[in-house]
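Taking it in order: structure first as structure tokens, then the write-up.
Computed from heavy atoms alone, side chains included, the values below leave out hydrogens, waters and symmetry copies. Note that the coordinates shown come from a computational prediction; the quantities given were computed from them, not determined experimentally. Chain A is the first sequence line, chain B the second, and so forth, proteins listed ahead of strands; every chain is numbered from 1.
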Amino acid sequence: MPELPEVEAYRSLAEGAIGRLIDDAVATDVRFVRGRADPHVLCDTLVGAKFVAARRHGKLLVLDVEGGAHLGVRFGMTGRLVLDGTVGVDRLVYSSDRIEPAWDRFVVSFDDGGQLIVRDPRLLGGVELDPDEAALGPDALMLTPAQLRAALASSVAVKARLMDQRRLAGVGNLIADEVLWRAGLAPERRAGSLSPAELRRLHRHLRATLDDLVARGGSHTGDLMPERRLDGHCPRDGALLIRTRIGGRTSWWCPRHQH
DNA sequence: ATTGTGGCCTGCCCGC
DNA sequence: TGCGGGCAGGCCACAA
């Protein structure tokens with residue numbers, strides 16, 4: 001599902017929309033428009049303007065609009081970005097590869113005939129005018145060791161804390177499992193109980209894993225991913241993986257080397 | 001303030 | 001062959 005690597009790919013794709021005159025914007029399903037702004041106001045803000053930048057903050061894509069407005073795009077777990085017919089990410093776990101016109105929830109048309117489309121079979125994603133970026137923690141890809149330590153100052157399970165977008169932004173369920181597996185830390189560990197050495201290890205693995213998965217092209221390309229299933233075994237030591245529920249999410253981890 | 005829980009949304013897969 | 005139930009998880013509203 002779209003975690004940081006997918007949204008980074010979407011951001012890169014969206015750079016191709018910068019500087020082009022927008023002559024139409026349509027929210028085909030009003031439920032896809034989030035936040036306080038009226039759908040018509042949001043669309044009217046775009047028409048006649050241009051995007052001037054494509055940024056990413058965690059899993060939030062922000063398209064800066066000429067004149068000072070910001071268009072926030074969230075992808076939920078099944079959302080795709082399409083620019084001029086090019087899909088941002090080839091394969092999306094848990095989503096469908098079929099093409100249904102009804103799944104095009106938000107369509108921006110340019111005067112050159114091209115289109116920027118947010119496609120989402122389910123409506124878990126959405127677009128929002130001037131999203132509250134301050135509510136998001138520091139981006140996981142730029143996180144310093146001190147910021148990680150601050151984000152984990154809690155008695156909550158370390159995995160739940162890693163996925164809390166207000167503490168650090170960009171880590172979802174699959175990447176949280178992958179990072180903790182690589183770092184050898186049990187997801188159930190209290191976040192605040194990590195020793196300085198463990199914090200350092202986790203920080204290194206977080207950065208390395210994100211770089212790795214961005215390069216490989218998706219959050220589902222982790223080494224643990226193929227074994228996140230019934231009867232799955234640890235790719236490192238062969239132990240039978242444990243399945244538990246942490247922070248409301250299914251978690252797979254190795255009881256032999258994750259402590 | 002912090003933390004936990006349930007609901008939203010719907011394609012897909014499994015068992016009957 | 002069709003059908004219904006359960007599952008997937010990002011995000012938000014709400015409760016304690």
Let me know, please, whether A:Ala157 or A:Arg249 comes out on the 5' side of the other along DNA chain B by nearest nucleotide. A:Ala157
So, is the end of the A:Arg229 side chain (NZ or CZ) under 6.0 Å from the ring centre of A:Trp252 and within 45° of the ring's axis? no
Picking from B:dT3, B:dG11, B:dC9, the nucleotide nearest the side-chain atoms of A:Pro121 would be B:dG11
Between A:Arg74 and A:Glu128 (salt bridge meaning N to carboxylate O under 4.0 Å), is one present in this structure? yes
Nearest-angstrom distance from the residue atom CD of A:Gln165 to P of B:dG4: 16 Å
Please confirm whether the shortest side-chain N or O distance from A:Arg166 to OP1 or OP2 of B:dT2 is below 4.0 Å. no
Rounded to the Å, how far apart are A:Asp120 CG and B:dC8 P? 17 Å
Rounded to the nearest angstrom, tell me the gap between atom CZ in A:Arg122 and atom P in B:dG7. 15 Å
CA sep, side-chain torsions, deciding dist, call: A:Asp212, A:Arg216, salt bridge (charged side-chain N to carboxylate O under 4.0 Å, His left out): CA-CA 6 Å; A:Asp212 199 12; A:Arg216 291 186 192 179; 3.0 Å; yes
Could you tell me how far apart A:Leu124 (CG) and B:dT10 (C1') are, to the nearest whole angstrom? 8 Å
Please assess A:Ile22 against A:Lys50 for the test side chain to side chain contact (heavy atoms under 4.5 Å, CB included), listing each intermediate value before the final yes or no. CA-CA 6 Å; A:Ile22 298 166; A:Lys50 300 171 180 175; 5.8 Å; no
Less than 4.0 Å between a side-chain N and a carboxylate O, is that true for A:Arg243 and A:Asp231? no
Report yes if at least one side-chain N or O of A:Trp103 is closer than 4.0 Å to OP1 or OP2 of B:dG11; otherwise report no. yes
Name the nucleic acid region contacted by A:Gly248, choosing base, sugar-phosphate or nothing; use a 4.0 angstrom heavy-atom cut-off, strictly under. nothing
For A:Phe106, give me all partners under ring-ring contact (aromatic ring centres under 6.0 Å, His included), at least two apart in sequence or on another chain. none
With each end axis built from five pairs of C1' atoms, what bend angle do you get for the helix from B:dT2-C:dA16 to B:dC16-C:dG2? Round to 10°. 40°
Over all strands shown, is A:Arg243 touching base, sugar-phosphate only, or nothing at heavy-atom distances under 4.0 angstrom? sugar-phosphate
Would you mind checking if A:Lys159 and A:Asp164 are paired as a salt bridge, meaning a charged N to carboxylate O distance below 4.0 Å? no
May I ask you to test the A:Gln147-A:Leu168 pair for a side-chain heavy-atom distance under 4.5 Å? no
Length of the CE-C1' vector between A:Met163 and B:dT5, whole Å: 14 Å
In whole angstroms, how far is the C1' atom of B:dG6 from the CZ atom of A:Arg245? 11 Å
Could you tell me the separation between the CZ atom of A:Arg34 and the P atom of B:dG7, rounded to a whole number of Å? 17 Å
Classify A:Thr78 by what it touches in the nucleic acid, base, sugar-phosphate, or nothing, heavy-atom distance under 4.0 Å. nothing
Please list, in 5' to 3' order, the outermost nucleotides of DNA chain C lying under 4.0 Å from any heavy atom of chain A. C:dA8 to C:dC12
Which heavy atom of A:Thr78 sits nearest to which heavy atom of A:Pro2, and what is that distance? N-CD, 4.1 Å
